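What you are looking at is a predicted structure, and each value in this text was computed from that prediction instead of being measured.
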Amino acid sequence: MAAYLQWRRFVFFDRETVKEPAGPDGGGAKPFALPPGITVCDSGRGSLVFGDMEGQIWFLPRSLQLSSFQAYKLRVTHLYQLKQHSILASVGEDEEGINPLVKVWNLEKRDGGNPLCTRIFPAIPGNKPTVVSCITVHETLNFMAIGFADGSVVLTKGDITRDRHSKTQILHEGNYPVTGLAFRQSGKITHLFVVTTENIQSYMLSVKDYPRLELDTHGCGLRCSTLSDPSQDLQFIVAGNECVYLYQPDERGPCFAFEGQKLIVHWYRGYLVIVSKDRKSSPKSEFAGSDPQNSDKQILNVYDLCNKFIAYSSVFDDVVDVLAEWGSLYVLTRDGKIHALQEKDTQTKLEALGLEKSIAMENKTLRSTQDENGLKNRVIRVGTRKSQLARIQTDSVVEMLRKRYLSLHFEIVAMSTTGDKILDTALSKIGEKSLFTKELENALERNEVDLVVHSLKDLPTSLPPGFTIGAICKRENPHDAVVFHPKNYGKTLNSLPEKSVIGTSSLRRAAQLKRRFPQLEFRDIRGNLNTRLKKLDEKDDFSAIILAAAGLRRMGWENRIGQILNPEDCLYAVGQGALAVEVRARDEEILDMVSALHDAETVLCCIAERAFMRHLEGGCSVPVAVSTMLKDSQLYLTGAVYSLDGSDSLKDTMQTGVNYPQQNEGPNDDTQYVGITAKKIPSHAQEAAENLGVELASLLLSKGAKRILSVARQLNDAR
């Protein structure tokens, strides 16, 4: 009890009830309501997934447009949605009695309008009908484990989507109900954790005869175990009524004293999420679950185990489950409502922890007087690309504006760009500037939209006349990430077999990684984030692909990240991870409105990066890379240029002071620095950042950067 009370508490999440999409009249939307009779939930591949008492499986995408199909004649009892594949495994009943059936669905293929069922088999261990208690599937699709109330575990090995290519056997038999299962992959070693109401065991599936090790002589209730991510070393977490225990495949790790009867346990982005009752009850009652008629309030706590604090705590009525998708947590309650928990930005959390001083005035909320004059009741049209990632990014910017300007209405206008339409040619070969921005800027020029949201890295360092970047939002992780083919789950680039093929659409990434990992091969891969991941998963063309970590995080696919590339391995692209809001330079009302979104640290870093790029006359057709850091009022910029094969390169680092006092800037208020207008950030600091980029570029040019880039451009044009 003492350990629990000593933990500091913070509010790192914002809570709100999910509302139905606004109607044509734009009036206040009602809380979104799930269909009645929901029995089981899961999430993944861009949807929340539900099963009900009528045998239907429901899908709720981000647009909140529910769809369903009849999966069983009677009821659905279990769902398992894979995160890396469009494969859904379900357990349900087609006839009365104890006759559970496992069905495997391919959600991307259709059979009469419904998802294609690729496999059906009875879930009966040793021809002894018994109730299924839990199910899990390995992300490689090579293992499926089913736990039963009689203490049995059935293991399916091979292609779990097909009967002919898999083998099923009883792996475990015991006297206590199985309450949790989890696969753990480390390199080539696969383990299966099995927890019952009375014990915890691990099986090594990579060795013949599957050796077993008992880890503990106490267990947990249903839904009270989970597997952490690599930040917590892929430990198996088991939550008892008094303590939470962490396990490796061969030993028990740390223990935390968290009181209360645990009902639901999840792992989310480095946090442990626990839903518990506020009163003690018999541990033996846990297996049966909570009484649907019991309306006792329940407490949801979000724990940071590494830093020993509670990141969020709130009370809910009758929690059905907690799901993670689209970068947020969603709490489902028995009244059919969905409550969203959105994690606050890094700077807000750091300020709450007392670890960061305010950089300038830019982070104060600006309830601009525009609400009361020219912009009041005006519909603000926001332009964006049509891709799912672009929409998510735009939605996040619009949400920030809505919170600041309560009387304004925002309308999102999506359109395709040149870069979206040309998918069979490498970006570096198209030769068109503004690949992902030209059509959006045309709409901005014609007053069809009032502002446009971009990934800053897509914006050229010289904007067309009449346009400016009116806001740069807080930067997400700017580094590159490696997403591995399911067969390489748990590996790193260094541990992949020689001649493994890595996909990337970036000359910058390829040049650096060829130099760092000469044993690997690099090939071009095009398409949006969804398309590239699909190409990786469904074909054997690539062992891994390189993507921006920021995009994966914003899509809620952080679990796909197998390795983050640090600056020693791969410097990132200019502006990577930052969102930019482009506006008409003379539209003072809109410019003032969006300027509230500026993040000072991100602005100064990106000014330096863009100045470096512009002075080098670089672009996507040549390998130019950067890394920036602002620390103790010193701005550090590392910049590099590479030949296409990475064999020739120049790299250096410079720094400058940017700790200038706020002052009235007078006529310099609207001065642009590499296309950026940031009124609330001192112009002296912006000028210092721009000069830093120019000076570093000049240094590299004096050492021969122009020759390296010229040869790279010529070779790329000739390919």
Side-chain angles (χ1 to χ4, degrees), residues 1-16 43 182 184 220 223-248 252-278 298-316 319 321-331 339-357 474-477 479 481 549-550 552-554 556-559 561 564:
M1 182 69 172
Y4 175 80
L5 292 175
Q6 290 173 358
W7 286 38
R8 293 178 297 162
R9 292 175 177 265
F10 297 96
V11 184
F12 281 3
F13 290 78
D14 292 319
R15 171 180 172 176
E16 63 180 23
S43 62
R184 181 187 190 273
C220 68
R223 304 196 298 168
C224 289
S225 61
T226 188
L227 191 72
S228 76
D229 60 22
S231 69
Q232 197 68 34
D233 203 19
L234 295 173
Q235 297 188 88
F236 188 53
I237 301 173
V238 176
N241 283 345
E242 300 299 330
C243 295
V244 172
Y245 302 90
L246 279 62
Y247 297 90
Q248 293 285 359
R252 195 178 91 182
C255 166
F256 299 93
F258 300 152
E259 276 199 337
Q261 181 188 355
K262 313 302 187 299
L263 303 175
I264 300 170
V265 175
H266 282 291
W267 187 265
Y268 170 75
R269 286 189 172 187
Y271 293 115
L272 177 63
V273 182
I274 297 180
V275 177
S276 58
K277 284 189 176 181
D278 195 22
Q298 298 159 1
I299 299 174
L300 182 146
N301 285 315
V302 181
Y303 297 95
D304 185 320
L305 299 183
C306 292
N307 297 301
K308 306 297 188 297
F309 63 78
I310 298 173
Y312 182 77
S313 184
S314 187
V315 176
F316 291 86
V319 176
D321 210 339
V322 180
L323 303 176
E325 195 65 24
W326 315 312
S328 299
L329 280 171
Y330 293 89
V331 183
H339 308 268
L341 300 182
Q342 178 67 50
E343 189 174 4
K344 296 182 178 182
D345 63 84
T346 302
Q347 185 165 342
T348 300
K349 292 188 293 184
L350 289 175
E351 289 171 354
L353 287 167
L355 299 178
E356 183 177 277
K357 296 180 179 179
K474 180 71 176 178
R475 194 175 209 167
E476 180 60 90
N477 186 333
H479 297 97
L552 290 164
R553 286 175 61 91
R554 289 179 180 133
W557 295 342
E558 192 173 13
N559 63 296
I561 297 176
I564 293 288

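- Taking the side chain as every heavy atom from C-beta outward, Val11 and Tyr312 approach each other to under 4.5 Å.
- Rounded to the nearest 0.5 Å, atoms CZ (Phe13) and CD (Glu343) are 4.5 Å apart.
- When all heavy atoms of Ala182 and Phe236 are compared, the closest pair comes out as CB-CE1, 3.7 Å.
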Under the side-chain contact (heavy atoms from CB on, under 4.5 Å) criterion, do Phe256 and Leu246 qualify, and how do the steps go? CA-CA 9 Å; Phe256 299 93; Leu246 279 62; 4.0 Å; yes
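- The one candidate from Phe10, Phe12, Tyr271, Phe258 that meets the ring pair (Phe, Tyr, Trp, His ring centres under 6.0 Å) condition with Tyr303 is Phe258.
- Contacts of Ala549 classified as side-chain contact (heavy atoms from CB on, under 4.5 Å), with partners at least two apart in sequence or in another chain: Asn477, Ala481, Ile561, Ile564.
- Exactly one residue among Leu329, Ile237, Asp321 makes a side-chain contact (heavy atoms from CB on, under 4.5 Å) with His266. That residue is Asp321.
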Go through the steps to decide whether Leu300 and Val319 satisfy the test side-chain contact (heavy atoms from CB on, under 4.5 Å), and finish with yes or no. CA-CA 9 Å; Leu300 182 146; Val319 176; 5.8 Å; no
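- Proximity of Asn559 to Trp267: side-chain heavy atoms (C-beta onward) are nowhere separated by under 4.5 Å.
- For Ser43, the side-chain contact (heavy atoms from CB on, under 4.5 Å) partners are Leu48, Lys83, Leu323, Glu325, not counting sequence neighbours.
- A salt bridge links Glu558 and Arg269; the closest N-O separation between the charged side-chain nitrogens and carboxylate oxygens is under 4.0 Å.
- A heavy-atom distance below 4.5 Å is found between the side chains of Arg9 and Asn301.
- Rounded to the nearest 0.5 Å, atoms CG (Leu341) and OG (Ser328) are 8.0 Å apart.
- Without hydrogens or angle criteria, Arg184 side chain to Leu234 main chain gives a donor-acceptor distance under 3.5 Å.
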I would like to know whether Cys220 and Lys262 meet side-chain contact (heavy atoms from CB on, under 4.5 Å); could you show each step before the answer? CA-CA 9 Å; Cys220 68; Lys262 313 302 187 299; over 6 Å; no
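- Not one N or O on the side chain of Lys277 forms a donor-acceptor pair closer than 3.5 Å with the backbone of Gln298.
- Between the side chains of Ser228 and Gln235, no donor N or O sits under 3.5 Å from an acceptor N or O.
- Checking Val244, Leu272, Val322, Val275 one by one against Val265, the side-chain contact (heavy atoms from CB on, under 4.5 Å) holds for a single residue, Leu272.
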